[in-house]
Amino acid sequence: MSQMGANILLVEDDPSLGFVIKDNLIHKGYQVTLCTNGEEGDQQFQTQSFDLCILDVMMPKKDGFTLAQSIRSKNKEVPILFVTAKSMLEDKIVGFNSGGDDYLVKPFSMEELFLRMEVFLRRTGAGSHSVDEASYSIGDFNFDCKNFSLHHITGNKTLTQKEAEVLKLLCSNKDRVLKREEILTTVWGDDDYFMGRSLDVFISKLRKYLKDDPRVEIVNYHGVGFRLEFAR
């Protein structure tokens, strides 16, 4: 993971969502400046150099569209990604006309956000700083993240995309308790009750896949979250 990742301006007035996005981006190796309203975001853009801007649309003091216009008046090149609860075509047109490059509708998964960001950062050359693990050793298992495959001497297992995303998140946070809401927001883009039940099913499946090595354990911290534990 790079210590000198791309510099991201994140402007989001929902404090919990802003924290989750910032935390996930920092974990990916990005540098992040979080602002909670459009005016603050505009001030930060004038004082720093950013590689990409993530803007909420509905914000106090200055909305995302107005902020994007202000950013574009100073910088024609920096990618702007809108995140919003609005999905109406008219709103998307306004967003693109105000200088936005892409539009992500809430709720969204962190993986989708990362993929959208990487498209723009690769174009500008800034994305090369963000390095992601391609595989993990989990006890006697080798987990190939890119191909969703789990290799073991007893055989190989191909995971679904969501199974792979959950396992990757657990691997990259080994020996740390991952909160349920953090997993749900990162993988599913939401942390409601039904998504929570889905997570329990996925954890059960992953435990079944990993049972051939008794040293590997996904520990449940009741009401809090999960931790992946294994001897290297």
Side-chain angles (χ1 to χ4, degrees), residues 1-132 179 181-182 185-186 189-191:
M1 194 139 326
S2 172
Q3 294 180 334
M4 294 295 291
N7 197 17
I8 309 298
L9 175 63
L10 170 61
V11 191
E12 169 60 64
D13 70 327
D14 180 330
S16 58
L17 180 59
F19 172 80
V20 169
I21 295 175
K22 179 180 179 180
D23 192 51
N24 276 275
L25 290 177
I26 289 174
H27 187 74
K28 276 278 188 179
Y30 295 108
Q31 300 177 65
V32 184
T33 299
L34 173 61
C35 304
T36 55
N37 64 68
E39 279 188 5
E40 185 186 350
D42 205 359
Q43 290 166 3
Q44 287 294 330
F45 191 84
Q46 297 196 45
T47 59
Q48 292 190 58
S49 176
F50 293 99
D51 297 303
L52 183 142
C53 301
I54 303 172
L55 312 180
D56 186 22
V57 172
M58 302 296 290
M59 291 188 295
K61 298 187 179 179
K62 183 178 287 187
D63 65 50
F65 295 148
T66 307
L67 175 56
Q69 291 172 340
S70 177
I71 288 171
R72 277 289 169 258
S73 70
K74 304 176 187 70
N75 186 315
K76 303 295 185 187
E77 305 299 326
V78 63
I80 296 175
L81 174 60
F82 288 116
V83 292
T84 180
K86 291 185 167 187
S87 59
M88 296 290 290
L89 178 61
E90 299 81 42
D91 294 316
K92 292 185 179 182
I93 292 172
V94 172
F96 290 130
N97 285 340
S98 64
D101 295 288
D102 205 352
Y103 212 99
L104 202 54
V105 178
K106 301 175 185 176
F108 53 86
S109 73
M110 289 299 125
E111 196 63 32
E112 184 179 6
L113 174 61
F114 295 147
L115 291 172
R116 301 276 186 106
M117 289 173 61
E118 285 296 328
V119 168
F120 294 112
L121 292 173
R122 274 197 298 271
R123 287 181 195 169
T124 61
S128 58
H129 298 301
S130 180
V131 179
D132 206 1
K179 292 184 177 180
E181 56 266 29
E182 187 176 346
T185 308
T186 302
D190 204 344
D191 65 349

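Put simply, CE on Met117 and CG on Leu52 are 5.5 Å apart, with the number rounded to the nearest 0.5 Å. Atom CG of residue Leu10 and atom SG of residue Cys53 lie 10.0 Å apart, to the nearest 0.5 angstrom. Note that CZ of Phe114 is 9.5 Å distant from CD1 of Ile21, once rounded to the nearest 0.5 Å. Here the CG atom belonging to Asn7 is positioned 10.5 Å from the CG atom belonging to Leu121, to the nearest 0.5 angstrom. Expressed to the nearest 0.5 Å, how far NZ of Lys28 lies from CD1 of Ile8 amounts to 12.5 Å. Atoms CD1 and NZ, from Ile26 and Lys22 in turn, are 5.0 Å apart once rounded to the nearest 0.5 Å.
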Yes or no on side chain to side chain contact (heavy atoms under 4.5 Å, CB included) for Ile80 and Phe120, after CA distance, side-chain angles and deciding distance?
CA-CA 9 Å; Ile80 296 175; Phe120 294 112; over 6 Å; no
Side chain to side chain contact (heavy atoms under 4.5 Å, CB included) for Glu12 and Ile54? Distances and angles first, verdict last.
CA-CA 8 Å; Glu12 169 60 64; Ile54 303 172; over 6 Å; no
Please lay out, stage by stage, how Leu104 and Phe82 fare under the test side chain to side chain contact (heavy atoms under 4.5 Å, CB included).
CA-CA 6 Å; Leu104 202 54; Phe82 288 116; over 6 Å; no
Show your working on side chain to side chain contact (heavy atoms under 4.5 Å, CB included) between Leu9 and Gln44 and close with a plain yes or no.
CA-CA 8 Å; Leu9 175 63; Gln44 287 294 330; 4.2 Å; yes
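Partners of Thr36 under the side chain to side chain contact (heavy atoms under 4.5 Å, CB included) rule, at least two apart in sequence or in another chain, are Glu40.
A donor-acceptor pair under 3.5 Å is formed between the side chain of Arg116 and the backbone N or O of Tyr103. A distance-only check finds no donor-acceptor pair linking the side chain of Asn75 to the backbone of Ile71 [under 3.5 Å]. In this structure, Asn37 contributes its side chain and Lys61 its backbone to no donor-acceptor pair below 3.5 Å. Of the possible polar contacts, none joining the Thr185 side chain to the Glu182 backbone as a donor-acceptor pair under 3.5 Å is found. Side-chain atoms of Asp56 never come within 3.5 Å of backbone atoms of Val11 as a donor-acceptor pair (strictly under, hydrogens ignored).
Using a 4.0 Å cut-off between charged nitrogen and carboxylate oxygen, Glu77 and Arg72 do not count as a salt-bridge pair. Under the 4.0 Å criterion applied to side-chain N and carboxylate O atoms, Asp42 and Lys74 are assigned as salt-bridge partners.
With contacts defined as side-chain heavy-atom distances shorter than 4.5 Å, the pair Leu113/Leu81 qualifies.
The number of heavy atoms from other shown groups lying within 6.0 Å of NZ (Lys62) is above 12.
Here the closest non-hydrogen pair linking Asp14 and Ser16 is OD1-OG, 2.8 Å. When every heavy atom of Leu67 is checked against every heavy atom of Gly41, the shortest pair comes out as CD1-C, 4.1 Å. Residue Thr33 comes nearest to Phe50 through the heavy atom pair OG1-CE2, 3.7 Å, listed as atom of the first residue, atom of the second, then distance.
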